[in-house]
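See below for the structure under consideration.
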Amino acid sequence: MLDKETFHPLNYIKKEEYSGSMDGMRYMLKKVQSGGEDVIRVTIWPEPLNMLRTPEHMRESIEVPLSAEGVEQAADWLNEQYESRREYWLEKKNRPWTEIAY
């Protein structure tokens, strides 16, 4: 679980992609343009592959404002996704890449 008190990657996201993982669930926060505004796209996918090697149907994304409040919304969504599908993520944890069904 992400601790919102210590999860403050906003200044980093303004310049670079920010990625991490939680027990089988990988995630990336990235600044993108949407509707003429800068926003944070938050994407999750199962281990073991990186995002680009993971089939698109296995990835989920949301967009939140590029602000401290948006980072808090991202943390809430990531925690919710992890908790609501904990068994799924744990099943994917440490799975060999050769076992991935596309």
Please set out all donor-acceptor pairs under 3.5 angstrom arising from side-chain atoms of residues 65-80, sequence neighbours excluded.
unit_1	atom_1	unit_2	atom_2	d
Ser67	OG	Glu69	N	3.4
Ser67	OG	Glu69	OE1	3.3
Ser67	OG	Gly70	N	3.1
Asp76	OD1	Lys4	NZ	2.8
Asn79	OD1	Leu2	N	2.7
Asn79	ND2	Leu2	O	3.0
Asn79	ND2	Ala75	O	3.3

How long is the gap from [atom1] on [X] to [atom2] on [Y], to the nearest 0.5 Å?
X	Y	atom1	atom2	result
Glu83	Met1	CD	CE	4.5 Å
Met25	Lys92	CE	NZ	14.5 Å
Lys93	Asp23	NZ	CG	4.0 Å

Can you see which heavy atom on Tyr27 is nearest to which on Met22, and at what distance?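 Looking at all heavy atoms of both residues, the closest pair is CE2-CG, 4.2 Å.
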
Side chain to side chain donor-acceptor pair (under 3.5 Å) involving Glu16 - partner list, sequence neighbours excluded: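 Scan of Glu16 (side chain to side chain donor-acceptor pair (under 3.5 Å), adjacent residues dropped) gives none.
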
Tell me, please, which residues at least two apart from Asp3 pass side-chain contact (heavy atoms from CB on, under 4.5 Å). Glu5, Thr6

Residues two or more places apart in sequence or in another chain: which of them pass side-chain contact (heavy atoms from CB on, under 4.5 Å) with Glu17?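 Counting only residues at least two positions away or on another chain, Glu17 forms a side-chain contact (heavy atoms from CB on, under 4.5 Å) with Met28, Lys30.
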
Is a donor on one side and an acceptor on the other found under 3.5 Å between the side chain of Arg26 and the backbone of Gly20? no

Set of residues satisfying ring pair (Phe, Tyr, Trp, His ring centres under 6.0 Å) with respect to Phe7, sequence neighbours excluded: Tyr18

Give every donor-acceptor pair under 3.5 Å between a side-chain atom in residues 35-47 and any protein atom, sequence neighbours left out.
unit_1	atom_1	unit_2	atom_2	d
Asp38	OD1	Gln33	NE2	2.4
Arg41	NE	Glu63	OE2	3.3
Arg41	NH2	Glu63	OE2	2.8
Thr43	OG1	Ser61	OG	2.8
Trp45	NE1	Leu49	O	2.9

With the 4.5 Å side-chain cut-off for hydrophobic clustering, are Trp89 and Met51 part of the same group?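 No, Trp89 does not connect to Met51 through the hydrophobic network.
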
